[in-house]
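All remarks here apply to the structure that follows.
Letters A, B, ... mirror the listed sequences (proteins, then strands); counts begin at 1.
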Protein chains: 2
Amino acid sequence: MESRIERLCIERGLKMTGQRRVVARVLSDASDHPDVEELYRRASALDQNISIATVYRTVRLFEEQGILERRDFGGGRARYEPSEDHHHYHLIDIDTGKVIEFEDAELEELMKVIAGRLGFDLVSLRLELFGRRRDSRARERTASDGA
Amino acid sequence: MESRIERLCIERGLKMTGQRRVVARVLSDASDHPDVEELYRRASALDQNISIATVYRTVRLFEEQGILERRDFGGGRARYEPSEDHHHYHLIDIDTGKVIEFEDAELEELMKVIAGRLGFDLVSLRLELFGRRRDSRARERTASDGA
DNA sequence: ATAGGTGCAAAGCATTTGCCGCGGT
DNA sequence: ACCGCGGCAAATGCTTTGCACCTAT
């Protein structure tokens, strides 16, 4: 079946090759923030006819098309997630590497005000929180986004 | 004369070589956020007996010692600034690349609250705002702002 | 038919490191 | 004197690219 991201590609008139379809599917199915290596691994599982260079090219194309967002959580490799309509931010658990997403209207508002005070219009912002779980015993059963 | 950062090195018992003294001086004098290439350029102007590998090593050492902070403003190269006692954040002018520093107590408080809501203690955070300078017409309309 | 995509290997870029002679303490 | 430091060039890790072939439209 046609994945969500494949549909977006078609809307934008991108040529749909087998490889792109596979990458689109892998991304559509991902609920984490995989790096290129990991995308390549997942894509290869579905179709060995794919090279890592193509994954790089595809991921870049999708980003340019606004289909994908590139993230940098440190560690020197880019991580990707499908674009969503509402902005959200990330908190990284420094013990497990797990990434928690959150939204916060007040946050964005405050950033706009701060930029405004400095004489700027806020165009975009990059924010990552790094934190440690408060009660590690209670919630230690969750880890899927390890980097 | 002994630069501010050289003094910090001595306090920490680091061996003070000529090269380290030069890098310490360049950093002490910097009011911007130079990358390694730029530090190398400035250091070379004071003393040609320095290789870029040493700048890399020194900058890394200083960072490990808490003397320096590494920043990532995008563009793929690390940028450095001497550590300061109070946290501050950066707004990057997307047209000129110029970096504006600011502090904001409310911001840090909000981040703590957000992390807390998610069940985390905030350990650190990374934030960069990207903005565009409001044009002069817009600024005149607002009458007073601290550009 | 043809513009553009793909694989492969080589190149690129920022950064690190092995080796070995040199310099600070 | 000793251990660590610095220069150089080679190595590294992620990402991009040149080239020749292939495929979606």
Side-chain angles (χ1 to χ4, degrees), chain A residues 2-3 5-26 33-41 43-44 46-65 67-80 147, chain B residues 2 5-26 33-44 46-65 67-80 97:
Chain A
E2 191 177 85
S3 67
I5 287 178
E6 182 178 351
R7 195 151 39 246
L8 292 173
C9 292
I10 293 166
E11 278 174 23
R12 271 153 248 236
L14 300 180
K15 199 189 266 191
M16 284 318 290
T17 64
Q19 292 88 330
R20 284 189 186 168
R21 235 184 294 276
V22 169
V23 175
R25 145 119 306 122
V26 164
H33 305 76
D35 59 25
V36 168
E37 199 90 30
E38 178 61 25
L39 289 173
Y40 174 54
R41 213 171 291 126
S44 298
L46 302 184
D47 177 350
Q48 11 287 131
N49 276 9
I50 202 164
S51 84
I52 196 161
T54 296
V55 178
Y56 272 108
R57 283 194 270 236
T58 304
V59 121
R60 205 221 227 169
L61 173 72
F62 286 3
E63 197 204 346
E64 286 162 4
Q65 295 289 326
I67 292 172
L68 222 59
E69 300 200 10
R70 187 206 313 235
R71 304 285 181 188
D72 171 17
F73 299 150
R77 29 226 293 174
R79 316 229 343 225
Y80 293 90
Chain B
E2 189 178 86
I5 287 178
E6 182 178 349
R7 195 152 37 249
L8 292 173
C9 292
I10 292 166
E11 279 175 22
R12 270 152 249 236
L14 300 180
K15 199 188 265 192
M16 283 320 289
T17 64
Q19 292 89 329
R20 284 189 186 169
R21 234 185 294 277
V22 169
V23 174
R25 144 118 310 119
V26 165
H33 305 75
D35 60 24
V36 169
E37 199 90 30
E38 178 61 24
L39 289 173
Y40 175 55
R41 215 171 290 127
R42 296 182 194 176
S44 298
L46 302 184
D47 177 352
Q48 11 286 131
N49 277 9
I50 202 163
S51 84
I52 196 162
T54 296
V55 179
Y56 272 108
R57 282 194 269 236
T58 304
V59 120
R60 205 220 224 171
L61 173 72
F62 287 2
E63 196 203 347
E64 286 163 3
Q65 296 288 326
I67 292 171
L68 222 59
E69 300 200 10
R70 188 204 314 233
R71 305 283 180 190
D72 172 16
F73 299 149
R77 28 227 294 175
R79 316 229 344 225
Y80 293 89

Which nucleotide wins on minimum distance to the side chain of [X], given the candidates [options]?
| X | options | value |
| --- | --- | --- |
| B:M16 | C:dT15, D:dT23, C:dT25 | C:dT25 |
| A:K15 | C:dA14, D:dC14, C:dG5 | C:dG5 |
| B:R20 | D:dG6, D:dC14, C:dT6 | D:dG6 |
| B:A78 | D:dA9, C:dT15, C:dT25 | C:dT15 |

What pair of heavy atoms forms the shortest contact from [X] to [Y], and how long is it?
| X | Y | result |
| --- | --- | --- |
| A:R21 | A:M16 | NH2-O, 3.1 Å |
| A:Q19 | A:N49 | CG-O, 3.4 Å |
| B:Y40 | B:I50 | CE1-O, 3.5 Å |
| A:R20 | A:F62 | O-CZ, 4.3 Å |
| B:C9 | B:I67 | SG-CD1, 4.0 Å |

So, is [X] near the phosphate of [N], with a side-chain N or O under 4.0 Å from OP1 or OP2?
| X | N | value |
| --- | --- | --- |
| A:T17 | C:dT6 | yes |
| B:S51 | D:dG7 | yes |
| B:R60 | D:dC5 | no |
| B:Q19 | C:dG24 | no |

Value in whole Å for how far the [atom2] atom of [N] lies from [atom1] of [X]:
| X | N | atom1 | atom2 | answer |
| --- | --- | --- | --- | --- |
| A:Y80 | D:dT15 | OH | C1' | 9 Å |
| A:Y56 | C:dG5 | OH | C1' | 19 Å |
| B:R71 | C:dA14 | CZ | P | 21 Å |
| A:N49 | C:dG7 | CG | C1' | 10 Å |
| A:R41 | D:dC14 | CZ | P | 11 Å |
| B:L61 | C:dT17 | CG | P | 14 Å |
| A:E6 | D:dA24 | CD | C1' | 13 Å |
| A:R12 | C:dG4 | CZ | P | 19 Å |

Between the base of D:dG4 and the side chain of B:R57, is there any donor-acceptor pair under 3.5 Å? no
- Message: Categorize B:D35 for me: base, sugar-phosphate, or nothing, with a 4.0 angstrom heavy-atom threshold over every strand shown.
- Response: nothing
Exercise for the section: Tell me what A:I52 touches on the nucleic acid: a base, only sugar-phosphate, or nothing, going by heavy atoms under 4.0 Å. Expected result: nothing
Heavy-atom nearest nucleotide on DNA chain C taken for B:L14 and for B:G75; more 5' hit belongs to B:G75
The answer to which of B:R21 and A:T58 contacts DNA chain C further toward the 5' end, by nearest nucleotide, is A:T58
So, are B:E38 and B:R42 salt-bridged, with charged N and O less than 4.0 Å apart? yes
